[in-house]
Amino acid sequence: MDSSKSSDTSSKINELARRRGFFWQSYEIYGGVGGFVTYGPLGTRLKLNIEAKIRDIFIKKLGIFEIESSVISPGQVFEASGHVNHFKEFMVKCSNCGKGFRVDQIINEKLGISLLEIEKMDFAEIKKVFRKNIFDCPECNNALKEPTQFLTMFKTTIGPYSKAIGYGRPEAAQSIFVEFNRLYKMAREKLPFGVIQIGHALRNEISPRQGLIRLREFTIADLEFFFNPEEANCNFIDEVESEVLPILLAVNRKKGIEEISNFTVREALEKKIVCSEWQIFFMVMAMKLLLEIGIPIKNQRFIEKLPWEKAHYATQCFDQEVYVDRWGWIEVSGHAYRTDYDLRCHMDASGADFRIFKEFEKPVEEVNYLLKPKMSLIGPKFKEKAEEIIADLSIVPVKEVLESFEEKGYYFVKGKKITKNQVEITQRKKIIKGKRFIPHVVEPSFGCDRLFYVALEYALKSKKNRTVLSFPRNIAPIQLGIFPLVNKDGLNDKAKTLSTFLRSEGFLVEFDDAGSIGRRYARADEAGIPLCITVDYVTMDNDTVTIRDRDLWKQVRVSINDLSKLLVDYFKEKIEFEDFGDFIESK
RNA sequence: GCGGUCGUCGUCUAGUUGGUUUAGGACACAAGCCUUCCAAGCUUGCGAUCCCGGGUUCAAAUCCCGGCGACCGCACCA
């Protein structure tokens with residue numbers, strides 16, 4: 001990568017973003033704080049439009065539910081989910097050179113304890129290890145200091161009681177799991193179903209960098225899709241089976257190979273590259289989402305996570321990555337197979353029952369045997385030992401006792417012989433109508449700020465020394481620019497009337513009469529406005545206007561009467577600019 | 001958190017061996033003129049406690065110390 005060129009692109013985006021109001025660092029008047037951004041008027045619209053795409057794909061087309069819950073949650077939620085244990089770093093610093101190291105790596109290197117074992121240690125145990133052993137700094141061989149830990153969740157207290165610990169959620173997923181029972185009812189107690197939440201999440205990153213790429217407060221879109229692991233087929237799989245996914249396999253990554261392999265959905269499933277049909281289906285949806293916000297497929301890839309890279313809850317995990325000029329491949333979404341991990345955690349911790357009852361096609365008959373000791377015989381015979389014997393009898397499988405009786409006529413418990421007549425064994429038939437299980441979950445999770453950034457980067461074009469933001473038309477923050485050709489002879493008023501009309505028709509319109517017409521087109525290009533409508537002298541004669549395309553810089557002339565319908569179709573992508581009519585010859 | 005580079009109008013920047021600097025320009029923005037389709041021109045205007053705090057000095061945007069922030073590299077990124 002050419003570093004001088006790449007730093008140009010990102011600075012260009014940052015500069016443009018600040019100047020035109022896409023985004024900037026928050027709290028600038030107080031010096032700014034890393035990891036927080038403010039989206040300006042254009043940026044907010046763009047971000048909403050991208051989020052609308054997510055809603056369009058997942059909510060409208062697939063019928064996924066959307067919920068909105070709180071950012072702060074009580075401590076139990078993230079204790080149960082495992083985040084309190086996993087969402088932190090143990091660090092140790094050298095007393096001499098000041099360099100910091102990961103505690104697990106030091107212990108692993110010097111003592112040979114496996115990383116998995118170290119993972120299980122808590123902070124007290126780690127401190128103990130460091131007190132027992134003297135570790136030298138790998139860099140300068142001086143002694144290392146006491147280890148420290150850093151929790152990357154924001155911690156607070158809820159209300160005035162310091163014991164009521166709360167955490168800012170580092171992901172929106174948990175608030176879906178926590179509400180599972182209600183949501184399942186709303187899904188009419190049927191699997192599969194999915195729930196999405198688009199909202200803010202907080203991670204107290206050690207050092208946020210890279211602008212929008214790593215924030216401390218960001219927008220996440222977590223989709224939790226629940227299904228029966230024994231009926232794991234995706235009913236949309238036929239529609240996508242020939243779609244091709246570019247995947248960087250873990251086996252290749254281990255060998256240091258960066259080669260992307262292309263698999264059709266069918267192949268990937270057959271070769272067990274992706275284990276879950278639903279997971280790969282969502283990966284295809286993610287690929288389409290990125291295409292729709294303007295990222296060509298050649299700049300997208302899915303990367304299979306290596307075992308030690310995976311989140312604590314995931315069995316199989318792919319990251320969707322997009323190539324950006326400055327930082328290379330960056331993650332924009334994660335696709336994790338979370339199994340029943342989360343629901344199980346919350347069940348264990350809260351006592352709620354998240355199991356689902358599944359009726360068998362045919363009820364199954366189960367025969368149970370019940371053993372009842374005859375106390376009138378056992379009591380007098382074993383005296384003080386009797387109690388112990390009975391306790392043991394209640395534990396052993398009744399079937400084992402029964403078999404022993406049939407074979408030998410007696411059964412040994414605690415070295416004592418129990419005869420057939422000392423107990424009463426009854427048979428009990430039970431009809432089982434179904435079974436209970438915990439649903440499995442696949443999760444696509446999008447970083448909306450990163451989607452925003454890549455959309456902006458891929459929209460950024462340069463034409464004749466001008467900056468043009470070529471957003472796909474339906475994520476553009478402003479849809480139409482309306483200008484009078486000149487500010488006299490009533491053209492201005494006519495253009496204003498037209499703006500009012502088109503606004504009332506539901507379009508997002510910017511009216512601009514400042515400077516020359518060329519300057520207005522240039523300003524509109526920089527804001528990514530797809531179409532500009534100009535009122536000129538011909539308009540005054542016959543009520544037609546020119547429409548100019550942002551990317552082609554060509555114009556067509558259409559009647560004001562037809563305008564609204566044409567524009568509706570255009571923004572619904574039913575027609576293209578070329579369908580508006582013949583291009584006007586440039587003078 | 002470590003190392004390197006850096007911080008001047010909205011944006012990009014000149015000035016930074018201390019001294020006529022009331023910190024200059026360009027672009028952008030606003031008002032007006034002009035303008036019959038791609039950042040034309042003219043006039044006027046708005047706009048910077050030179051990142052913050054402290055120190056050295058007769059004098060600091062400029063030198064020194066501390067802090068904050070940005071970028072790059074290292075580490076981290078569940």
Side-chain angles (χ1 to χ4, degrees), chain A residues 3-4 6-7 10-12 14-21 24-35 40 78 81-94 97-102 105 119 139 148 150-153 170-171 203-211 213-216 305 308-314 317 319 326-327 330-331 334 336 447 463-468 483-489 491 513-526 532-540 545-550 553-555 557 584-587:
Chain A
S3 65
S4 63
S6 55
S7 64
S10 179
S11 340
K12 212 172 165 185
N14 280 319
E15 187 264 312
L16 177 67
R18 250 176 308 188
R19 194 159 45 76
R20 292 308 303 264
W24 55 85
Q25 191 186 26
S26 299
Y27 312 114
E28 275 174 337
I29 62 162
Y30 291 108
V33 192
F78 289 105
S81 69
H83 284 81
V84 172
N85 274 329
H86 289 91
F87 226 78
K88 62 187 166 198
E89 302 301 329
F90 297 118
M91 311 263 291
V92 63
K93 284 176 79 173
C94 172
C97 69
K99 229 169 146 44
F101 303 94
R102 286 178 57 170
Q105 273 171 0
E119 174 86 351
E139 290 284 309
T148 51
F150 180 70
L151 183 70
T152 46
M153 282 195 291
E171 56 167 35
R203 295 181 190 183
N204 204 358
E205 297 286 350
I206 297 167
S207 83
R209 297 266 178 90
Q210 308 170 325
I213 306 303
R214 181 172 302 140
L215 295 170
R216 289 193 167 116
K305 302 300 272 187
W308 54 88
E309 293 173 332
K310 282 186 295 201
H312 60 275
Y313 47 72
C317 188
D319 279 354
R326 183 172 206 141
W327 298 289
I330 60 153
E331 179 192 349
K463 188 164 178 175
K464 294 201 177 149
N465 233 358
R466 283 193 200 166
T467 301
V468 180
F483 317 140
L485 183 61
V486 289
N487 278 316
K488 58 184 184 187
D489 303 324
L491 298 193
D513 62 359
S516 67
I517 187 71
R519 188 179 290 246
R520 290 175 223 152
Y521 285 142
R523 263 196 295 260
D525 285 344
E526 213 179 53
C532 290
I533 297 170
T534 300
V535 167
D536 59 10
Y537 283 97
V538 183
T539 313
M540 308 309 273
V545 288
T546 62
I547 308 179
R548 175 257 195 196
D549 181 88
R550 175 196 61 203
W553 291 13
K554 297 247 161 105
Q555 284 178 300
R557 183 172 285 280
I584 298 170
E585 292 301 316
S586 53
K587 287 165 192 171

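Residue numbers start from 1 in every chain, and the chains themselves are labelled A, B, ... in the order their sequence lines are given, proteins ahead of strands. The figures here come from the full heavy-atom set of this structure, side chains too, leaving out hydrogens, waters and symmetry mates.
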When the distance from NZ of A:Lys488 to P of B:C37 is rounded to whole Å, what number comes out? 12 Å
Once you round it to whole Å, what is the distance between C1' of B:U13 and NZ of A:Lys12? 18 Å
Using the P atom in both, what is the distance from B:C51 to B:U16, to the nearest Å? 16 Å
A side-chain contact here means heavy atoms from C-beta on lying under 4.5 Å apart; do A:Tyr521 and A:Trp553 qualify? no
Go through the steps to decide whether A:Arg550 and A:Val468 satisfy the test side-chain contact (heavy atoms from CB on, under 4.5 Å), and finish with yes or no. CA-CA 8 Å; A:Arg550 175 196 61 203; A:Val468 180; 3.8 Å; yes
Can you tell me, in whole Å, how much space there is between the P of B:G66 and that of B:G3? 11 Å
Taking atom NZ of A:Lys305 as the centre, does the number of heavy atoms from other residues, nucleotides or ligands within less than 6.0 Å exceed 12? yes
Using the P atom in both, what is the distance from B:G15 to B:U8, to the nearest Å? 14 Å
Starting at CD of A:Glu205 and ending at C1' of B:G1, how long is that distance when rounded to a whole Å? 14 Å
Once you apply a heavy-atom cut-off of 4.0 Å, does A:Gly211 come out as touching a base, just sugar-phosphate, or nothing? sugar-phosphate
Just checking, any donor-acceptor pair under 3.5 angstrom between side chains of A:Asn14 and A:Ser11? no
Pick the closest RNA chain B nucleotide for A:Arg216 and for A:Arg18 by heavy atoms, then say which residue is nearer the 5' end. A:Arg18
Categorize A:Gly34 for me: base, sugar-phosphate, or nothing, with a 4.0 angstrom heavy-atom threshold over every strand shown. sugar-phosphate
Heavy atoms only, 4.0 Å cut-off, all strands: where does A:Thr152 land among base, sugar-phosphate and nothing? nothing
Contact class for A:Asn487 (heavy atom, under 4.0 Å): base, sugar-phosphate, or nothing? base
Nearest-angstrom distance from the residue atom CD1 of A:Ile547 to C1' of B:C37: 14 Å
Between B:C71, B:U35, B:C38, spot the one nearest the side chain of A:Val486, thanks. B:U35
Atom-to-atom span, CH2 of A:Trp553 to P of B:C38 - whole angstrom: 11 Å
Interatomic distance, A:Gln25 CD vs B:U11 P [rounded to whole Å]: 13 Å
Indicate whether OP1 or OP2 belonging to B:C72 is found under 4.0 Å from a side-chain N or O atom of A:Trp327. yes
Can you check the A:Glu15 CD to B:G10 P distance for me, whole Å? 13 Å
Whole-angstrom distance between B:A26 and B:C65, as gauged at atom P: 37 Å
Kindly give the atom pairs (protein nitrogen or oxygen, nucleotide nitrogen or oxygen) under 3.5 Å for nucleotides 39-46 of chain B.
{"from": "B:A39", "atom 1": "N6", "to": "A:Glu526", "atom 2": "OE2", "distance (Å)": "3.3"}
{"from": "B:A40", "atom 1": "OP1", "to": "A:Arg519", "atom 2": "NH2", "distance (Å)": "2.5"}
{"from": "B:A40", "atom 1": "OP2", "to": "A:Ser516", "atom 2": "OG", "distance (Å)": "2.7"}

Rounded distance in Å - CG (A:Asp549) to P (B:C38): 16 Å
Given the C1' atoms of B:C63 and B:C76, what is the spacing between them in whole Å? 37 Å
What distance, rounded to whole Å, do you find between the two C1' atoms, one in B:A30 and one in B:U62? 34 Å
Would you classify A:Gln555 as touching base, sugar-phosphate or nothing, given that sugar-phosphate means primed atoms plus P, OP1 and OP2, and contacts are heavy atoms under 4.0 Å? base
